[in-house]
Each structure stands twice: as structure tokens, then as C-alpha cells.
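Lettering of chains follows the sequences in order, A, B, ..., and the numbering in each one begins at 1. Heavy-atom basis, side chains included; hydrogens, waters and symmetry copies ignored.
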Protein chains: 2
Amino acid sequence: MFSAPQVREPASSKSYKGTSVVPAYRESQNDGFERGTIRRVEAKEHVFCEGDPRTHVFRIEEGVIALSKLLSDGRRQVIDFAYPGDYIGLGILNDHIFDAQATCAAKIRCLPASALEQAAALDASLALKLYKAVSAELLAARSLLVSVGQGTAMERLASFLLGLHHRSMDNSDVDVVNLPMRRSDIADLLGLTIETVSRTITKLRSLRVIDVVHGTEVRILDCDRLEELAG
Amino acid sequence: MFSAPQVREPASSKSYKGTSVVPAYRESQNDGFERGTIRRVEAKEHVFCEGDPRTHVFRIEEGVIALSKLLSDGRRQVIDFAYPGDYIGLGILNDHIFDAQATCAAKIRCLPASALEQAAALDASLALKLYKAVSAELLAARSLLVSVGQGTAMERLASFLLGLHHRSMDNSDVDVVNLPMRRSDIADLLGLTIETVSRTITKLRSLRVIDVVHGTEVRILDCDRLEELAG
DNA sequence: CGTTCATTTGAGTGAAGTCAAACCGAGTGG
DNA sequence: CCACTCGGTTTGACTTCACTCAAATGAACG
């Protein structure tokens with residue numbers, strides 16, 4: 001469960017610094033973002049907040065942006081981590097209904113939402129590209145839902161790590177996955193507490209399935225076993 | 001939390017028999033489905049299964065279709081309930097990755113996926129319509145994720161009932177919501193067991209927040225209280 | 001009336017949550 | 001260079017909410 005939707009382009013991957021991945025939807029790159037402006041965001045800085053007018057659409061260039069919903073009592077659900085090549089801010093509503101917050105220093109490209117939508121109204125291939133991008137997001141959201149709705153803590157975490165592993169083929173070392181986010185971000189994604197995430201990672205280490213360096217770098221020692229544990 | 005995406009058309013609602021709702025995306029109804037064939041499905045019958053080739057796209061005309069993922073060990077996650085006006089089978093993959101199963105007798109309109117996609121490649125407004133339909137699905141999936149990831153059993157069920165309440169303005173009686181699905185469907189949607197769903201409904205009854213007739217008809221007695229309970 | 005299927009209710013268990021404390025690495029400043 | 005702080009992570013002890021197993025109830029139908 002929780003397999004990241006494998007609809008990515010084969011191998012045109014240009015390697016970015018840091019936590020880069022094969023971009024999700026670029027094909028001929030004719031998505032209008034060539035003319036977008038670059039914006040840098042610090043770790044923990046918000047790109048936009050729930051309730052903000054949806055003025056821009058963004059394409060991640062570097063780093064990771066967490067989309068999340070904050071509940072009135074402080075609980076938080078992370079909806080998705082957006083990696084380089086992913087879009088955020090697509091949608092049909094006038095205002096954002098989620099927060100977008102960098103989990104680490106990031107670079108994003110900005111395009112006015114109106115410009116994109118006007119272009120899409122005239123260009124069926126662009127509109128279709130948006131359709132496909134959102135469809136990919138939908139797959140990811142549903143995979144996560146299955147994981148969170150049915151999985152144990154171990155299954156959720158194993159799925160999460162495998163998902164990252166598939167996404168980030170960037171690294172020189174194939175079996176090392178970066179975790180460019182805090183434990184709390186992972187916990188809020190998986191519907192767990194940081195303590196449970198930590199305990200489960202510890203368990204995976206004691207099972208010799210993974211090894212963890214500096215808390216942020218995970219080496220997968222036994223991928224088959226990890227897949228079993230993912231359910 | 002778990003508010004159904006409110007992007008529906010104002011009031012062109014033609015009332016269907018049974019569990020009907022205001023259709024999700026019909027605008028001028030130019031979605032190509034006018035020429036689609038009607039298919040009847042019995043309660044519990046599958047419209048398609050995981051792994052089937054994605055030959056058709058469907059628009060619900062009557063009844064409710066549950067989209068779900070079945071895990072190898074029998075656990076099941078319901079992803080969404082599709083109501084009249086909703087589409088199922090949209091997406092970018094060649095095969096279905098979910099089961100679609102009627103929760104009650106239903107009527108659906110079928111259109112070959114290739115036809116729809118060819119039409120969308122030429123007609124930007126149709127492509128944009130697909131984009132918006134999938135965006136609405138994405139909102140629903142994410143709302144559910146928040147509910148399942150962060151909510152208690154009571155919060156999940158209250159959100160679910162409120163979501164249905166908003167969707168099904170069809171009924172003559174505004175405060176009665178139909179539950180045209182089994183407890184197990186609700187449980188699998190909310191990531192709970194049937195026992196917990198049942199107990200929680202009982203609790204809502206004893207709190208005088210709802211009243212239940214024949215197990216399938218819910219009268220909302222105290223909507224404000226229900227919203228509080230939804231978190 | 002008996003069968004079947006779905007739902008409700010009850011009693012006991014367990015996985016993940018809560019609360020609290022220890023640990024660790026990175027800065028910072030004496 | 002070391003002491004101190006600070007944010008983040010890990011570990012431990014205890015609690016709780018939802019799960020499991022089991023039985024009773026209810027509704028639909030031949």
C-alpha cells in the first residue's frame with residue numbers, strides 16, 4: 001500500500017541539490033512556468049496559508065513543501081509532501097484550504113493562477129496536463145488514505161519509507177533515503193504521534209531493516225522485508 | 001473537518017429517486033455523456049474491479065457506488081462514495097486500481113474512456129471540466145484523510161453525517177439523511193470497525209443529536225451539536 | 001416459522017496515545 | 001575550551017480508545 005503513483009517520466013532527471021527527485025510532470029516542460037519567477041523559502045516558512053486568496057500556482061524546484069491542514073485545537077494533518085517537479089496551489093477554489101510550509105530550505109517557481117487558467121482555457125493540451133497532474137495528486141492522496149485508514153504504525157511507516165525510496169532515485173546511493181523533514185511532519189502525515197514514529201523507527205533499526213544516520217538519513221538494508229512490513 | 005467540497009451547481013437539481021443529490025458537475029451537461037449507454041447495477045454488484053483495464057468512464061445517474069481498495073488480508077478501505085452526478089473511472093492509468101461496487105441498486109451512464117480523452121484533447125473546455133471534476137475528488141479525498149488521520153471515532157462519524165447532509169439536499173425533509181450503504185461500508189470509509197460505528201451511532205442517539213429509523217434513515221435533531229462533535 | 005444477513009450490545013485486550021524525563025547535536029557566549 | 005541553552009529526538013511508564021471475540025437482537029423473505 002501507499003505506493004507513490006508511478007506516472008513519472010522515465011529518465012530525463014536532472015539532479016538538483018539536496019532532496020531532489022525525478023520531476024513529476026514536465027514532458028516538454030510547456031507548462032508556462034518557464035516565465036515564472038523564482039522564490040526562495042526558508043525552512044518552516046509558509047508559502048501560503050489556509051484562507052489566503054489563491055493568487056499563484058507554484059512548481060517546486062528544490063526542497064520539500066508540506067501541505068497541511070491545521071485543526072482548531074492544534075492537531076495537524078499533513079496532506080502531502082511536494083517534491084521538485086510537483087505543483088502546489090492547483091485547484092478550483094478561490095482560497096487556499098491548506099497551509100503550505102517548507103520543511104527545509106526550498107526554491108519554488110511562481111505563476112499567477114489566472115495566467116495559467118486563461119492559458120489552459122485556450123490550450124487543450126495544457127488543460128489536459130493539469131488534469132493529469134491533479135489525477136496524480138489524487139492517486140497519492142488515496143494511497144495515503146489507505147495507509148492511514150487501514151495500516152498499523154509499522155505498516156504506515158514502512159509504506160512511507162518505500163514511497164520516498166521510489167520517489168528519490170536521485171541519490172548516488174540507491175538505498176539511502178533522505179528525510180528532509182521533522183519527525184512531527186512525518187507523524188502528522190501518517191496520523192501518528194512523534195513518539196510512535198520514533199519508536200517504530202527504532203524497531204525497524206533493531207530488526208536490521210534500516211539504518212539511520214544523524215536521524216535524517218535512512219539506509220534501507222532489507223528492502224524485501226520492508227515491503228512485507230508495509231502490508 | 002471533512003466538509004464535502006462545495007463546488008456544486010446552485011439549484012438546477014432534478015430530483016432522482018432514492019438517494020439522489022445535487023449533481024456535482026453538469027454545467028451545460030456537455031460532457032459527452034449524453035451519448036453514453038445506461039447500465040443498471042444491482043446492490044453489491046461490481047462496476048469494475050482493481051486490475052481491470054480502464055475501458056470506460058462512468059457518470060452516476062441513480063444510487064451510490066463505493067470506490068474501495070481491498071488489501072491482501074481482507075482489510076478494505078473505502079475511498080469515496082460516488083453519488084448521482086459524480087464521475088468514476090477518471091484517471092491517468094491504464095488499469096483501475098480500485099474496486100467500484102454499488103452499495104444499493106444503481107444506474108450509471110457509460111462512455112468509452114478513449115472517446116472522452118480524444119474529445120478532451122481537442123476541446124479545452126471539456127479538458128478543463130475534467131480537471132475541475134478531478135480537483136473536486138481531490139478535495140474530498142483530502143477532507144476524508146484529515147478526518148481519518150486526526151479524528152476520533154465520534155469526530156469521523158459526525159463529519160461523515162454532516163458531509164452527507166450537505167450533499168443530499170434532495171430529500172423533502174431537510175434534516176433527514178439516507179444511509180444507502182451497509183455499516184461495513186461506512187466503517188471501511190472511516191477506518192473503523194462496524195462495531196465502533198454502531199456504538200458511536202448509538203451514542204449520538206442517546207445524546208439526542210440524531211434519531212435513526214430502520215437503521216438507514218438518520219434524522220438530525222441538533223445540527224449545531226453535531227458540528228461541534230465533528231471537531 | 002425458520003433461515004439468513006445485518007446490526008447492536010457486552011466483556012476483555014491491545015496498539016497507540018499521553019505525560020514525563022533523558023538524551024543529543026548545534027550554536028553561543030563566557 | 002567548556003558550560004549552557006535550545007530544538008529535536010528517543011525512551012519509559014501508564015492510560016485509553018478502539019479492536020476483537022462472542023452472543024443477542026432485529027429485519028427480510030421464502
Side-chain angles (χ1 to χ4, degrees), chain A residues 42-45 66 71 73-77 101-105 147-158 160 178-207 210-218 229 231, chain B residues 42-45 66 71 73-77 101 103-105 147-160 178-207 210-218 229 231:
Chain A
E42 299 298 318
K44 302 175 112 188
E45 185 184 342
L71 305 186
D73 61 356
R75 283 176 293 177
R76 188 175 76 131
Q77 178 68 41
Q101 195 177 16
T103 66
C104 59
S147 187
V148 170
Q150 300 300 323
T152 62
M154 178 60 83
E155 288 169 335
R156 296 185 211 183
L157 197 74
F160 170 69
N178 263 21
L179 297 182
M181 67 284 288
R182 328 242 153 268
R183 293 285 182 273
S184 61
D185 294 319
I186 300 175
D188 290 345
L189 180 82
L190 301 178
L192 301 169
T193 59
I194 50 177
E195 293 96 329
T196 300
V197 169
S198 180
R199 275 185 248 273
T200 309
I201 289 177
T202 301
K203 194 160 198 179
L204 281 172
R205 277 206 307 155
S206 64
L207 289 171
I210 63 171
D211 198 13
V212 182
V213 195
H214 299 129
T216 126
E217 215 171 73
V218 173
L229 289 168
Chain B
E42 299 299 317
K44 303 175 111 186
E45 184 184 342
L71 305 186
D73 60 356
R75 284 176 292 177
R76 187 175 78 131
Q77 178 68 41
Q101 196 178 16
T103 67
C104 59
S147 187
V148 170
Q150 300 300 323
T152 61
M154 178 60 83
E155 288 169 335
R156 295 185 212 183
L157 197 73
S159 291
F160 169 70
N178 265 20
L179 297 182
M181 67 281 290
R182 328 239 154 271
R183 293 287 182 273
S184 62
D185 294 319
I186 300 175
D188 291 345
L189 179 84
L190 301 178
L192 301 169
T193 58
I194 50 177
E195 293 96 328
T196 300
V197 169
S198 179
R199 276 186 248 274
T200 309
I201 289 177
T202 301
K203 194 161 198 179
L204 281 173
R205 277 204 308 154
S206 64
L207 288 172
I210 62 171
D211 197 13
V212 182
V213 194
H214 299 130
T216 125
E217 214 171 75
V218 173
L229 290 169

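With hydrogens and angles ignored, the 3.5 Å screen pairs a side-chain donor or acceptor of B/Gln77 with a backbone N or O of B/Leu189. In this structure, the side chain of A/Glu155 engages the main chain of A/Thr152 through a donor-acceptor pair within 3.5 Å. Between the side chain of B/Gln101 and the main chain of B/Lys44, a donor-acceptor pair closer than 3.5 Å is present.
Ion pairing of A/Arg75 with A/Asp188 is absent here, as no side-chain N (NZ or NE/NH1/NH2) approaches a carboxylate O to less than 4.0 Å.
Counting 5' to 3', DNA chain D first comes under 4.0 angstrom of a heavy atom of chain B and last does so at the ends given by D/dA18 to D/dC21.
Minimum interatomic distance between B/Ala153 and B/Thr196 (heavy atoms only, all atoms of both residues): CB-CG2, 3.7 Å.
Rounded to an integer number of Å, the gap from CG of A/Leu157 to P of C/dA16 is 11 Å. Separating the CD atom of A/Gln150 from the P atom of C/dA16 is a distance of 13 Å, rounded to the nearest angstrom. When the P atom of C/dA16 is taken as reference, atom CZ of A/Arg156 falls 7 Å away, rounded to whole Å.
Inter-residue side-chain proximity for B/Asn178 and B/Glu217 is flagged as met; some heavy-atom pair is nearer than 4.5 Å. Using a 4.5 Å heavy-atom threshold, the side chains of B/Arg205 and B/Ile210 count as touching. Using a 4.5 Å cut-off on side-chain heavy atoms (C-beta onward), A/Val148 and A/Arg156 make contact. Residues A/Leu157 and A/Ile186 form a side-chain contact, since some pair of their non-hydrogen atoms from C-beta on lies under 4.5 Å apart.
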Under 4.0 Å protein heavy-atom contacts per nucleotide of nucleotides 4-11 of chain C, with B for base, S for backbone only and - for none: --SSBBBB
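Within a 6.0 Å sphere centred on CD of A/Glu42, heavy atoms belonging to other residues, nucleotides or ligands number 12 at most.
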Using a cut-off of under 3.5 Å, enumerate the N/O to N/O pairs linking the protein to nucleotides 24-28 of chain C.
none

